[in-house]
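All remarks here apply to the structure that follows.
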There are 2 protein chains.
Amino acid sequence: MSRPTIAAVAQAAGVSVASVSRVLNGLPATEEMAERVQRAVEQLGYVPDSRARSLKVGRTFQLTLAVADVGNPVYVTMMRAVEEVVSAAGYRLVVTTTGADVVDEVALVRGMARGYADGLLISPIRVDEDLVKSIRECGVPVVVAGNVPAKAGVDTVRANSPKGMLLAVDHLVAKGRTHIAFLNGPADTVPGTARAKGFADALKAHDLQPAGETEAADFTFAAGRAVGGEVLRSQPDAVICANDLLAVGLMHELVGAGLRVPEDVAVVGMDDSELAEQSFPPLTSVNLGSAERGRRAAELLLARIEDNDRRPRRIVVQPSLSVRRSTP
Amino acid sequence: MSRPTIAAVAQAAGVSVASVSRVLNGLPATEEMAERVQRAVEQLGYVPDSRARSLKVGRTFQLTLAVADVGNPVYVTMMRAVEEVVSAAGYRLVVTTTGADVVDEVALVRGMARGYADGLLISPIRVDEDLVKSIRECGVPVVVAGNVPAKAGVDTVRANSPKGMLLAVDHLVAKGRTHIAFLNGPADTVPGTARAKGFADALKAHDLQPAGETEAADFTFAAGRAVGGEVLRSQPDAVICANDLLAVGLMHELVGAGLRVPEDVAVVGMDDSELAEQSFPPLTSVNLGSAERGRRAAELLLARIEDNDRRPRRIVVQPSLSVRRSTP
DNA sequence: TTGTAGGCGTTATCAG
DNA sequence: CTGATAACGCCTACAA
């Protein structure tokens with residue numbers, strides 16, 4: 001026995017399907033009509049099928065946010081900002097995980113195709129031709145929080161991580177640290193490449209040589225710990241990490257090795273996520289504007305849903321530095 | 001100009017809509033037929049409408065997980081476990097946020113009604129009659145990760161937090177701590193009530209008087225910090241916290257007050273989330289089986305989708321204690 | 001105010 | 001193997 005449809009309700013109430021639909025959607029109807037319909041609905045436990053409805057009206061009022069790793073607190077910040085904007089606009093937000101693999105991302109975008117949501121906000125960690133292609137062919141408005149080639153012709157909101165890197169190095173140098181190492185995530189990712197280049201440029205701007213450069217297997221706490229020893233080999237007096245999770249992982253290794261933060265080694269994270277505040281010592285972190293990026297990206301998405309012919313915008317959000325106790 | 005439909009593709013390819021559908025779904029077709037269809041699809045940039053499809057086939061192959069706060073790392077653990085199970089079964093998982101308010105939860109369940117997903121897994125933080133009612137009327141299989149009355153007749157997977165609380169107290173007492181305080185979240189929540197009772201019972205079992213009991217405004221880091229001073233007023237030698245976020249918040253206040261963890265005050269969290277491992281010192285935490293709860297709940301959901309007439313099951317997952325350095 | 005009927009885009013059945 | 005056609009469940013002119 002299947003679920004009741006509007007037809008069943010109409011029959012039970014002894015009225016037409018149109019009347020049921022009207023009552024349910026709050027259109028004018030007799031007191032008595034409304035009464036009968038309501039009763040029938042209650043009795044049968046009728047619940048409208050939203051896909052049939054949206055097939056008809058053309059919208060789902062759902063938006064999807066796709067992130068690589070729900071365990072990364074930077075996405076929490078972004079998610080909160082996005083949620084706020086879209087719910088104010090009357091949409092529901094659903095979040096889905098892509099995994100770090102570009103193949104998964106492509107599959108997701110493909111699968112998302114027209115229907116489940118009115119728009120997609122994706123923050124890809126690896127980008128290739130296929131992904132760009134699938135975004136264009138996806139059939140639903142897409143905004144990318146991250147960096148894709150301008151020729152992709154898609155709305156993007158991205159961070160300025162080289163600038164952020166410079167803020168971090170400026171700060172460390174001002175505090176007298178000059179033997180600075182860099183703990184990166186995978187270099188074959190979009191943020192990985194950008195941050196590596198940013199680090200090199202920032203050091204150059206100060207006429208400094210890098211103390212060392214290490215690549216972790218992932219942008220995770222565990223990966224940060226795993227390469228902690230390697231980072232320390234060059235005996236840096238400061239380490240900049242490509243994100244907060246790596247930084248916290250590293251700090252655990254530092255402490256384990258009997259070093260003090262920040263006295264012996266200063267540590268700087270990136271993202272300025274909730275974890276930076278929660279960590280001990282609280283982590284100095286480059287705020288790459290996750291909240292603002294989320295907000296602007298959401299606004300872009302709403303605007304594109306409104307008018308799919310507007311020309312793509314590329315927004316860059318400027319960073320700032322949140323100084324906490326992990327640096328002197 | 002609207003998106004191309006299957007009819008447009010059929011026309012462009014000079015074949016019937018049925019043939020287009022077949023080719024797209026990999027059903028037998030001539031080499032040449034497939035060729036023509038593919039070409040037309042490419043050319044028009046056709047992308048199938050998934051809601052029309054699911055309207056027809058009756059399934060979306062999407063499952064929804066609803067949690068109160070994406071910033072709470074316990075949900076990350078659960079999410080990962082759920083994701084693993086459902087994706088192995090060929091479903092995509094989407095996550096949505098309810099907020100702490102029961103009204104929001106009800107609205108979500110209502111809105112989720114039949115259509116957007118084939119099933120709903122919800123971890124409610126506050127439960128009332130309305131919520132139970134909306135779950136029953138929701139029209140799609142629902143599994144609750146948490147505690148709802150047995151008479152609700154819904155599949156549930158819940159933790160045994162009194163038992164977990166006992167593990168924590170046992171451990172502290174074994175280490176010679178007897179002046180134990182409790183930092184709870186809001187007492188009008190399901191976990192709040194359960195944990196408060198568990199704490200009282202566990203102390204009674206050891207013939208101990210509570211050093212103090214404090215209620216934070218939320219299950220968050222900030223809320224934990226905010227009431228840190230109050231917790232310390234009774235000068236406890238150990239504090240058990242209702243979750244890891246509260247515990248980490250408290251530890252920051254402890255350190256700020258010049259106390260050492262665990263020498264002066266031992267701290268125990270609950271949930272054994274990723275944060276417990278990441279915090280410093282690493283946090284001893286009651287593992288309430290979030291991963292297993294997620295897994296079992298997902299399995300229950302899949303089973304119910306398969307057969308909606310099976311009788312509701314109520315699973316209880318047993319806790320364990322993860323001892324780390326925040327206790328002696 | 002209410003009912004009838006057509007169509008949203010797809011898949012599945014059933015002839016050819 | 002292919003094509004026409006009837007659903008899927010709902011909304012909305014249009015007609016009564």
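A note on names: the letters A, B, ... follow the listed sequences, proteins ahead of strands, and every chain is numbered from 1.
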Residue of the set B/R296, B/R304, B/R313 for which side chain to side chain donor-acceptor pair (under 3.5 Å) holds with B/D155:
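Answer after filtering B/R296, B/R304, B/R313: B/R304.
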Rounded interatomic separation in angstrom, taking [atom1] from [X] and [atom2] from [N]:
X	N	atom1	atom2	value
B/L44	C/dG9	CG	P	14 Å
B/R3	C/dT10	CZ	P	12 Å
B/Q11	D/dA4	CD	C1'	16 Å
B/L24	C/dT10	CG	C1'	11 Å
A/I6	C/dC8	CD1	P	19 Å

Closest-nucleotide 5' rank along DNA chain C - winner of A/V17 and A/M33:
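The answer here is A/M33.
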Nearest-nucleotide wise, let me know which of A/R22 and B/R53 is further upstream toward the 5' end of DNA chain C.
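With B/R53 and A/R22 compared, the 5'-side residue is A/R22.
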Passing candidate, side-chain contact (heavy atoms from CB on, under 4.5 Å) with A/V142, options A/I122, A/L300, A/T64
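Going through A/I122, A/L300, A/T64 one by one, the side-chain contact (heavy atoms from CB on, under 4.5 Å) with A/V142 is satisfied by A/I122 alone.
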Please tabulate, for the side chains in residues 25-41 of chain A, all donor-acceptor contacts under 3.5 angstrom to protein atoms that are two or more places apart in sequence or on a different chain.
from: A/N25; atom 1: ND2; to: A/S21; atom 2: O; distance (Å): 3.3
from: A/R36; atom 1: NE; to: A/A13; atom 2: O; distance (Å): 3.2
from: A/R36; atom 1: NH2; to: A/A13; atom 2: O; distance (Å): 2.8

Does a side-chain N or O of A/S16 approach OP1 or OP2 of C/dG3 to a distance below 4.0 Å, or not?
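So the side-chain polar atoms of A/S16 do come within 4.0 Å of the phosphate oxygens OP1 or OP2 of C/dG3, strictly under.
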Does C/dT11 have OP1 or OP2 sitting under 4.0 Å from an N or O in the side chain of B/S21?
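For C/dT11, OP1 or OP2 has a side-chain N or O of B/S21 closer than 4.0 Å.
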Which residue lies toward the 5' end of DNA chain D, B/P28 or B/L55, if each is placed at its nearest nucleotide?
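Going by which nucleotide is closer to the 5' end, it is B/P28.
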Among [options], which is the nearest nucleotide to the side chain of [X]?
X	options	answer
A/V57	D/dC11, D/dG9, C/dG9	D/dC11
B/V15	D/dG3, D/dC11, C/dT10	D/dG3
B/N25	C/dT11, C/dT10, D/dC1	C/dT11

Mind checking if A/S19 touches a base, just sugar-phosphate, or nothing, with heavy atoms under 4.0 Å?
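Touches sugar-phosphate only.
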Scan B/A18 against the nucleic acid and name what it touches under 4.0 Å (heavy atoms): base, sugar-phosphate only, or nothing.
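Base, at least one base atom sits under 4.0 Å.
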No-H, no-angle donor-acceptor pair, A/R51 side chain to C/dG9 base, under 3.5 Å:
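Side chain to base: no pair below 3.5 Å.
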Between the side-chain atoms of B/K56 and the base atoms of D/dA7, is any donor-acceptor pair under 3.5 Å?
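In this structure, the two groups form a donor-acceptor pair.
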State which residues pass side-chain hydrogen bond (donor to acceptor under 3.5 Å, both in side chains) with B/Y75; sequence neighbours excluded, sorted by chain then number.
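Testing B/Y75 for side-chain hydrogen bond (donor to acceptor under 3.5 Å, both in side chains), a comparison that skips the adjacent residues, returns none.
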B/K151 and B/E129 ion-paired at < 4.0 Å
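Salt bridge present between B/K151 and B/E129.
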